[in-house]
Amino acid sequence: MQKEIAMLDVHKIREDFPILKREVNGKPLVYFDNAATSQTPQVVIDTIVEYYSGYNANIHRGVHTLSQEATDAYEIARKKVQQHFNAKHSHEIILTSGTTHSINIVATGFTNLLSKGDEIIVSALEHHSNIVPWQMLCERTGAILRVIPMNEEGELVMNVYDDLLSHKTKLVFVNHISNALGTINPIEEIIEKAHHVGAAVLIDGAQSCPHIKPDVLALDVDFYVVSAHKLCGPTGVGMLYGKEEWLTKLPPYQGGGEMIDQVTFEKTTYAGLPHKFEAGTPNICGGIAFGAALDYMNSIGFDAIAEYENELLNYGTQKLLEIEGLKIYGTSKNKTSVISFNLKNIHPYDIGTIVDKLGIAVRTGHHCAQPIMDFYKIPGTIRASFSFYNTKEEIDALVEAVKKAKIMLS
Ligand SMILES: *Cc1c(COP(=O)(O)O)cnc(C)c1O
């Protein structure tokens, strides 16, 4: 039976985002750089203003009223994150500064759990923040990095993954959705097969969290990481979800206040979860606003978001392909609303510059995923990434701008 999906009223939604009213270079802003960071709705901005104008205080420390209000709001936000991602316990939710921080906690934590000759598997579709920390871990431990290759469509070659897995595999790290191409990776299969050989799995959800609502319990994933700024929240805050057994096993990442139980000069004992991984004063306001962003996204509904964004993806793909000489990279049937493309012989940067003059924000370059660009033997792409607050009219403006750039540059 087809699920009833509430229609999304994009014009009403756009009213929630004050930035969408501004002009750039005398033209209405068209914001198509959502895969780099999303825009912020008024309710999230209000949450930030209310925190600093109403109850700004340090948490978990004071008995005074403001401190208790801030602590309560912060812990409520943690519960919202827990519920959203369906974690079993709220202490399995570590609030970090974002995806990169979360990955580094895990990569550093595994230093003493790996031996020379152990193997770590990553995918060819990774963001640099999901490559470099593992390379550093390999340097520290003598473990070996293996890579699941990609194909022309921008999909992972899964039979090679089967061959790479063995009793030597200790960890597997894959992003849920590629930020450069939009490919949705088959993470259910990846997790199940990794567990079959006893390996732990970390899924980088930075690019999936704005589009889908992952269920970490159903996925049975060991670690799942996101950044709030990719889903309408502020920068500098994110989540490390880890199964309790793993978080208990990993050592703390940083020492400092908040993460201790008892401190003497002879011996310090660490606080329990989640505080063991939250040394120092956290991004209190950011954490609270992260919760507000999840509330906002859920009030629209992830089914409605996915359906509408898919419509934008299909429309944009069709319209852009009408431009002669335009090639799209990442053509998997399983993808989100990201279109990475190039125009014959024209450098992506030159097109990006002209398009910006017309008020349209796209990303140009390697998108922190140089191995993907090397695979296609290109310096980079132009990437237009659509969000639920974008419109077909904006896509028409992009198509016109690219046509104009083509005439000017050829
Ligand atoms: C944005 C992104 C990251 C990095 O997120 P930060 O917020 O910069 O830490 C990592 N992986 C993917 C897939 C991303 O899209």
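Nothing fancy with the numbering, it's 1 onward along the sequence. One-based numbering, in listed order, for ligands and for the atoms of each.
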Report the C-alpha distance between F302 and H84 in whole Å, list the side-chain angles of each, state the deciding distance to 0.1 Å, and finish with yes or no for ring-ring contact (aromatic ring centres under 6.0 Å, His included). CA-CA 11 Å; F302 278 82; H84 180 81; 5.3 Å; yes

among protein heavy atoms, the one nearest atom 2 (C) of ligand 1 is K230 NZ, 2.5 Å

Near T100 (heavy-atom distance under 4.0 Å), the atoms of ligand 1 are 4 (C), 6 (P), 8 (O), 9 (O)

Starting from atom 15 (O) of ligand 1, what is the nearest protein heavy atom, named by residue and atom, and what distance separates them? Q207 NE2, 2.5 Å

Kindly indicate whether a cation-pi arrangement holds for K276 with Y270, taking the cut-offs as under 6.0 Å to the six-membered ring centre and within 45° of the axis. no

Residue portion contacting ligand 1 (non-hydrogen atoms closer than 4.0 Å) for E126: neither

Six-ring centre of Y329, K327 cation under 6.0 angstrom, axis tolerance 45°: yes

Which option wins on minimum heavy-atom distance to atom 3 (C) of ligand 1: H176, H101, H127? H127

So, is the end of the K243 side chain (NZ or CZ) under 6.0 Å from the ring centre of W246 and within 45° of the ring's axis? no

A student comparing I131, V226, D204 should find that the heavy atom closest to atom 13 (C) of ligand 1 comes from D204

Salt-bridge criterion met for E400 and K319 (N-O under 4.0 Å): no

Please list, in number order, the atoms of ligand 1 under 4.0 Å from a heavy atom of S227. 5 (O), 6 (P), 7 (O), 9 (O)

So H91 and H89, would you call those rings parallel, tilted or perpendicular, with 30° and 60° as cut-offs? parallel

Which atoms from ligand 1 have a heavy atom of S129 less than 4.0 Å away? 3 (C), 4 (C), 10 (C), 11 (N)

